[in-house]
Structure formats: C-alpha cells, structure tokens
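Working notes for the structure below.
Lettering of chains follows the sequences in order, A, B, ..., and the numbering in each one begins at 1.
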There are 2 protein chains.
Amino acid sequence: MVERVVPEAGRKRRRPTKAGVVLSEGMIIDTALRMIEEHGSEGLSARRLGRALGADPSAVYRYFHSMDDLLLAMADELITRVTREWHSTGDWRADLHRWGLSAHAEYMKYPQAAQITAARITGSTAELAGVELILAALRGAGFPDHLAVLGYRLFITQMLSYAARDGAGKLVANRRADIDRWKNTYAHASAETYPNIAAVAELLEQHDGSSTYPLALRLLLGTIQAMLEEKHSSTRPSDI
Amino acid sequence: MVERVVPEAGRKRRRPTKAGVVLSEGMIIDTALRMIEEHGSEGLSARRLGRALGADPSAVYRYFHSMDDLLLAMADELITRVTREWHSTGDWRADLHRWGLSAHAEYMKYPQAAQITAARITGSTAELAGVELILAALRGAGFPDHLAVLGYRLFITQMLSYAARDGAGKLVANRRADIDRWKNTYAHASAETYPNIAAVAELLEQHDGSSTYPLALRLLLGTIQAMLEEKHSSTRPSDI
DNA sequence: ACCTGAACACCGTTCAAGT
DNA sequence: ACCTGAACACCGTTCAAGT
C-alpha cells in the first residue's frame with residue numbers, strides 16, 4: 001500500500017485562519033514553491049511558510065505529516081507541470097530532447113526543491129504519467145523492452161542528476177565568489193607545476209557557471225540512438 | 001586574491017580544550033568527515049561537531065570562518081584523497097574510467113559532503129592537481145585543446161552531478177520506503193492507463209536504487225573517444 | 001593566545017487549549 | 001472541526017569574559 005501523503009484529504013469544511021485565509025493542500029504547495037522561487041537560497045521553513053500563509057506554522061501539519069511530505073508533494077507538482085505540456089511529435093529523439101530541457105528548466109526555477117526531491121520516488125499519478133510518456137516514446141520508436149527501460153533509466157537519472165547539482169550550484173550563498181575563485185585560480189596557475197592548465201587557461205576561463213546538461217543530454221540521446229541502430233544491425237549490445 | 005579558508009593558519013601555540021584535546025584544522029576536517037560517514041543522515045552541525053571534538057562549538061570558529069568554509073575544506077580533502085591515488089597508465093580512457101569511479105565512490109562515503117560540495121569551487125592545490133591530471137590525460141592522448149577542455153568539463157560535471165543526486169538519495173530519511181513505493185506503484189500500474197509501463201513492469205521492478213553512474217560514465221567516455229576519432233578523420237565536430 | 005559560555009535569532013514538530 | 005500557542009529539543013554565529 002502506498003502511504004498517504006495528505007493526512008486528512010477527505011475533509012470538506014474549513015475554517016479561515018486569523019488572517020482570513022482558507023488553507024488547502026494545493027495552495028500550501030503553490031505558496032511553498034513560490035517562496036523558493038522568490039527568496040531563493042533563504043529557502044523554505046515551516047515557520048516562514050506559516051507566516052507566508054497567514055497561519056500558525058503548526059496548521060500546515062494538518063495537511064502534510066511533515067516538511068518531508070510537503071517536499072514530496074512539491075516534487076510531484078513539478079513533474080505534473082512538465083508532463084502537462086507534453087505533446088508527442090512522433091520523433092522520439094526530438095521529444096525526449098524537448099522534455100529533458102523543459103524538465104531541467106522547471107527544476108531550475110525551484111533549485112531547493114530540485115536538490116531535495118531529485119532522488120525521491122513519489123509514486124504519484126504524475127510520476128507514472130511521466131514514466132509512461134518516456135517509455136511510449138522509446139517503445140514506439142522500435143526499442144526492444146530491455147533497451148527502452150535502459151534508455152528510460154539513463155535519460156531520467158541524467159536529468160535528475162544534473163538538476164540536483166545545478167540546483168545546488170544556484171543555492172551557493174555567494175556564487176559570484178566561487179566563479180571568481182575559478183577565474184583567478186586558473187588564470188594564475190603556474191606553468192611549471194600545471195603545464196596543461198596553463199596551456200588551455202584561456203579556454204578554461206570561459207567557464208561561466210552555466211550547465212553542461214544541454215550538451216550532455218544531446219550526447220546521451222545520440223548514444224541511445226546508436227544502441228537502437230546497433231540492435232537493428234543485429235549486433236549484441238553486450239559490450240556497452 | 002583567493003580568500004583564506006583558514007582564519008589563523010599561522011599560529012603555533014595551542015591550548016588543549018577542557019577535554020584535553022588540541023585542535024587543528026586537519027583534525028577538525030577529519031572529525032567532521034567521520035561524523036558524516038558514521039552518523040550518515042543525522043549529519044553534521046556546529047554543535048555536534050563541538051561535542052565530537054570535546055570542545056565548545058564556538059572554538060571551531062577560530063579555525064574556519066563558518067560551517068560553509070569547513071565544508072569547502074572537506075570538499076578539498078575528498079579531492080585530495082582521490083587524486084593522491086592516481087597513477088597514469090597511458091591509456092586515457094581507462095584512466096578516466098578508474099578516476100571517475102573512485103571519485104564517485106569516495107563522495108558516496110560522505111553523501112552529505114557530496115551533496116553540499118559537488119557544485120563548489122575550492123580553488124585549492126588539490127583541485128588544481130585534479131584538473132591538471134584530467135587535462136594531461138586528454139591532451140596527452142592527442143585531443144586538441146578545445147576538445148580536451150570540453151571533454152574535461154563533460155567528464156567532471158557528470159561525476160559531480162551523479163555524486164550530488166546519488167548522495168541526496170543516500171540521505172533520504174526512509175530510503176526503503178521510497179524503493180518499496182517504486183516497486184508497489186509500478187507492479188500495480190493499470191494496463192489500460194499505462195500500457196507501456198505494464199508491458200515492461202518486470203524490467204522496471206528490477207530497480208534497486210543503485211546508481212546508473214558507472215554505465216553513464218562508460219557511455220560518455222565512448223562519446224568523447226568518438227569526438228577524437230571524428231577530429232582525426234577531419235570531420236568538423238560542430239554538429240554536436 | 002585561545003577556549004568558554006551566554007546570548008541572539010532562528011529551526012521542525014507535538015499537543016493541549018481555544019473557538 | 002480546525003486553528004493557535006506554548007513547549008521541547010534543536011540550529012549557526014557572535015562576542016565579552018575567563019584562563
């Protein structure tokens with residue numbers, strides 16, 4: 001049995017808080033996501049959430065067992081938003097490319113949620129729908145089952161891994177200091193001790209903190225396509 | 001100028017704490033890493049660190065400006081441990097494969113440190129040495145500079161991204177519940193609503209929470225090698 | 001010179017009391 | 001029925017006081 005994320009989802013009658021707000025799961029999730037979007041690294045706390053809602057912090061616990069449960073629900077809302085805009089074009093590679101970029105972008109709007117939820121399994125219908133879409137794209141393109149599952153797993157863990165690290169990067173308190181540290185260090189690396197760094201210092205310095213996910217995604221999709229072609233030419237893919 | 005991580009690195013005379021311990025940067029870092037290794041998700045806090053050290057929590061602030069600075073120093077210690085054991089075999093692909101796996105494994109021993117530091121730039125000699133090693137492997141193998149830098153960037157961000165997410169996964173309070181949720185959900189998905197999931201349910205259920213990093217790493221190294229070969233056959237790599 | 005202890009401004013969560 | 005408020009057991013960090 002899947003655990004319930006919402007403690008009292010069935011109830012109907014609600015009393016407004018002192019501030020006159022009527023609470024619900026949906027508006028708590030939206031408020032929590034907005035807090036992360038607006039205040040960034042200051043992040044989310046039960047007490048701040050209470051204040052933002054115009055309610056006592058403890059009121060949230062009637063809707064979610066814990067902050068962890070709220071986070072799970074937030075993860076789900078993100079999956080829903082990405083999946084909702086999905087439309088298949090029949091080209092699996094273009095579709096997965098688009099899906100990957102928009103999922104990563106959605107997570108980047110809520111870096112704290114990305115970091116915390118990238119490794120979670122919610123077991124919700126939104127999650128199921130996302131998995132179904134990706135599998136449909138691959139199986140529809142002629143991938144045999146084991147390759148479709150392998151491709152799905154590689155695709156989704158890649159997206160979530162980059163979302164986790166890129167999200168963490170966005171949350172670094174003084175991100176500028178980190179990037180400046182990079183430029184300073186690599187521009188002044190000694191040519192005797194670090195000949196290879198010195199030789200490519202100019203190229204290294206172009207580092208601007210942007211994500212390598214878009215490129216890594218394109219490369220992975222190319223590799224997955226190669227797996228499919230290899231299979232069509234009857235080669236065993238066992239030497240992966 | 002790179003900021004100092006250690007506030008008073010120069011001082012010599014030290015007085016033991018009440019518990020009779022003589023503090024130093026090194027033993028604070030080691031204690032902090034051990035705390036993460038042993039107590040896992042309970043994690044690290046200034047106050048617990050003080051207790052573990054046999055000192056008042058505030059004493060740590062004479063050695064590190066903040067917990068953030070301590071984390072940076074811990075990240076550096078992890079890089080040092082991985083780089084120290086490096087020995088080149090002349091085969092760039094085998095070397096990077098070994099380096100990637102051991103770096104990821106080292107981070108997985110300290111998942112909290114991995115999660116927090118995967119997106120940080122320390123600017124230390126350990127970090128420089130790591131970058132130098134990777135660039136040396138690629139440039140030594142005949143990669144032109146721009147491809148060596150591209151390969152380096154793809155390789156290192158992949159390792160750190162998977163370390164960040166896999167680390168977060170290890171920290172999930174009730175990891176078993178998440179994996180059980182996965183098995184339950186996908187085994188019982190309706191064949192009408194989710195035909196593709198139902199068709200491959202058995203393959204999906206084999207999910208055991210292990211990382212896809214080893215496979216993703218092998219695939220990326222294959223792609224990087226293909227870039228090199230493409231360059232040797234005089235094809236422009238612009239359509240990446 | 002270096003560690004301690006009190007203080008400040010925070011956390012998540014529980015539960016009896018209020019409406 | 002649902003929200004509030006007090007309480008408990010925590011945080012990171014600063015700084016005057018102690019040795």
Under the 3.5 Å Watson-Crick or G-U criterion, the dot-bracket string of DNA chain D, with | for inter-strand pairs
||.|||||...|||||.||
Can you label the angle between the His104(B) ring and the Tyr213(B) ring as parallel, tilted or perpendicular, going by 30° and 60°?
parallel
Correct closest heavy-atom pair for Met27(B) and Val22(B) would be CE-O, 3.9 Å
Nearest-0.5 Å distance, OG1 of residue Thr83(B) to CD1 of residue Ile134(B)
8.0 Å
Looking only at atom P, what distance separates dA9(D) and dA9(C), rounded to whole Å?
23 Å
Expected string for nucleotides 12-19 of chain C under the B/S/- scheme (protein heavy atoms, under 4.0 Å, primed atoms plus P, OP1, OP2 as sugar-phosphate) is BBBB--BB
Separation of dC3(D) atom C1' from Ile28(A) atom CD1, nearest Å, is 12 Å
Specify the separation, in whole Å, of atom CZ of Arg62(B) and atom C1' of dT4(C).
11 Å
Taking only Lys NZ, Arg NE, NH1 and NH2, and the carboxylate oxygens of Asp or Glu, determine whether Arg98(A) and Asp95(A) approach each other closer than 4.0 Å.
yes
Starting from P on dT4(D), measure out to CG on Leu49(A) and report it in whole angstrom.
13 Å
Using distance alone, with no hydrogens and no angle criterion, decide if Ser58(A) and Asp56(A) have a side-chain donor and acceptor under 3.5 Å apart.
yes
Side-chain contact test, heavy atoms from C-beta onward, threshold under 4.5 Å: evaluate it for Met74(A) versus Tyr110(A) and give yes or no.
no
Tell me the interatomic distance from Leu53(A), atom CG, to dC3(D), atom P, rounded to whole angstroms.
11 Å
Can you find a heavy atom in the side chain of Tyr162(B) that is under 4.5 Å from one in the side chain of Gln158(A)?
yes
Nearest 0.5 angstrom please: Glu77(A) CD to Ser124(A) OG, how far?
10.5 Å
